[in-house]
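Residue numbers run from 1 in the order of the sequence given.
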Amino acid sequence: MTYYLLGIFALLSGAWLIKAAIAGHRGAMLHRRRLLDEAYGLLDEPGITLAPDQFPIVTGRIADGRQVRLELIADTMVTRRLPQLWLKVTLLEREARIRLALGALVRPTGSEYYSLVHGFPEWMEPPETGVSLLMRGDGRASAEQSVAVGKHFQKLFADPKVKEAVITSKATRVIYQASQGGRAAHMLLRQAQFPLDTVPADAIEHAIALALGLSGVLTAPDQLPVSKAA
């Protein structure tokens, strides 16, 4: 009889744990979907879709009419560091520009699967920033252009929350720290739980401003928008 009761207790306990795990997962997914809710008030014509991992993707337009795309990346690849929630801001140009491509990544580990910098073929001399900085490009930058971008990167990466900055012919992109995972959940359960209900509007606005400033670095006459005839 005792073994019978113990068996029933074990089955009920297992069922309760499964139910609790399912409910917890659903709650976590609902929480993820709301993380960029504060972006709506900052953009014109805002729209939202969900990535396969249920993080929101918000698109809209800034005041000058250019389109911006906001995404979130949960980075758990570095085992000796707390999980990071990155806000990826991509500011699209109205038309492709005759503009070189380059970027910089701070504190590189080689595990940044989301990075564009790792894909550029040419190694470049990074500016002095006081932290390790990987700077690469497509090999077309002149010495003057490298200096101009390097000076801007010095200011940009003075903000410790900036992770990556990239310039291309079609867009500029900034990856910015939105949050850091809780230590207890990471150490005990190896889970990435971020202690915020939504990414604050001022953080989103600041990251967009950084991308906007980056887009104006290489605007010499020989880097005007490509004509439609081209």
Side-chain angles (χ1 to χ4, degrees), residues 35-46 55-75 84-94 96-97 99-108 112 114-120 124 126-137 141 145-180 194 196 198-220 223:
L35 283 171
L36 288 179
D37 281 2
E38 294 194 37
Y40 289 96
L42 304 175
L43 303 175
D44 295 329
E45 303 174 21
F55 280 112
I57 301 171
V58 175
T59 58
R61 296 189 182 279
I62 59 174
D64 66 7
R66 280 183 287 179
Q67 187 178 66
V68 67
R69 179 182 174 97
L70 308 174
E71 302 171 75
L72 292 170
I73 303 167
D75 181 6
Q84 301 295 309
L85 184 67
W86 303 117
L87 171 63
K88 181 169 72 172
V89 178
T90 305
L91 179 62
L92 301 174
E93 300 294 344
R94 296 184 187 89
R97 292 179 175 270
R99 185 168 67 181
L100 56 89
L102 56 79
L105 175 70
V106 72
R107 295 179 291 275
E112 295 90 358
Y114 49 82
S115 170
L116 290 178
V117 172
H118 285 308
F120 290 136
M124 302 175 67
E128 179 58 47
T129 60
V131 292
S132 59
L133 193 69
L134 173 65
M135 185 169 168
R136 300 179 70 166
Q145 289 171 326
S146 297
V147 170
V149 175
K151 288 181 179 178
H152 188 81
F153 281 166
Q154 280 183 317
K155 298 177 182 179
L156 191 64
F157 287 99
D159 184 340
K161 291 189 175 183
V162 177
K163 178 63 175 177
E164 183 177 65
V166 175
I167 301 171
T168 71
S169 62
K170 297 180 180 180
T172 54
R173 191 174 91 173
V174 169
I175 293 182
Y176 188 81
Q177 185 192 51
S179 183
Q180 183 166 262
F194 300 103
L196 77 173
T198 60
V199 180
D202 58 350
I204 298 171
E205 192 171 27
H206 179 60
I208 293 174
L210 294 179
L212 183 60
L214 184 62
S215 72
V217 175
L218 299 175
T219 54
Q223 292 151 352

Interatomic spacing from [atom1] in [X] to [atom2] in [Y] - rounded to 0.5 Å:
{"X": "Leu70", "Y": "Phe55", "atom1": "CG", "atom2": "CZ", "result": "14.5 Å"}
{"X": "Phe153", "Y": "Leu133", "atom1": "CZ", "atom2": "CG", "result": "7.5 Å"}
{"X": "Leu116", "Y": "Thr168", "atom1": "CG", "atom2": "OG1", "result": "8.0 Å"}
{"X": "Ile167", "Y": "Leu100", "atom1": "CD1", "atom2": "CG", "result": "7.0 Å"}
{"X": "Glu45", "Y": "Tyr40", "atom1": "CD", "atom2": "OH", "result": "14.0 Å"}

Are any non-hydrogen side-chain atoms of [X] and [Y] less than 4.5 angstrom apart?
{"X": "Leu87", "Y": "Val89", "value": "yes"}
{"X": "Val106", "Y": "Lys163", "value": "yes"}
{"X": "Lys151", "Y": "Pro127", "value": "no"}
{"X": "Leu102", "Y": "Val166", "value": "no"}
{"X": "Trp86", "Y": "Tyr114", "value": "yes"}
{"X": "Arg69", "Y": "Ile57", "value": "yes"}
{"X": "Leu72", "Y": "Val199", "value": "yes"}
{"X": "Val162", "Y": "Leu210", "value": "yes"}

Between [X] and [Y], what is the shortest heavy-atom contact and its length?
{"X": "Ala201", "Y": "Leu42", "value": "O-CD1, 3.5 Å"}
{"X": "Thr172", "Y": "Ala211", "value": "OG1-O, 3.1 Å"}
{"X": "Phe120", "Y": "Ala101", "value": "CE2-CB, 3.9 Å"}
{"X": "Leu134", "Y": "Pro108", "value": "CB-CG, 3.9 Å"}
{"X": "Leu43", "Y": "Pro46", "value": "O-CD, 3.6 Å"}
{"X": "Ala165", "Y": "Leu214", "value": "CB-CD2, 3.9 Å"}

For the side chain of [X] and the backbone of [Y], is there at least one donor-acceptor N/O pair under 3.5 Å apart?
{"X": "Ser115", "Y": "Glu112", "value": "no"}
{"X": "Ser179", "Y": "Leu85", "value": "no"}
{"X": "Glu38", "Y": "Thr198", "value": "no"}
{"X": "Gln177", "Y": "Gln84", "value": "no"}
{"X": "Lys161", "Y": "Ala207", "value": "no"}
{"X": "Lys88", "Y": "Val174", "value": "no"}
{"X": "Gln145", "Y": "Val147", "value": "no"}

For this session: Mind running side chain to side chain contact (heavy atoms under 4.5 Å, CB included) on Arg136 and Met124 for me, showing each step along the way?
Result: CA-CA 5 Å; Arg136 300 179 70 166; Met124 302 175 67; 5.5 Å; no

Non-neighbouring partners of [X] that pass side-chain hydrogen bond (donor to acceptor under 3.5 Å, both in side chains), sequence neighbours left out:
{"X": "Asp64", "value": "Arg66"}
{"X": "His206", "value": "Asp159"}
{"X": "Asp44", "value": "none"}

Exercise. Between Glu93 and Lys170, is the closest basic N to carboxylate O distance under 4.0 Å?
Worked result: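 Result for this pair is no, no salt bridge flagged.
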
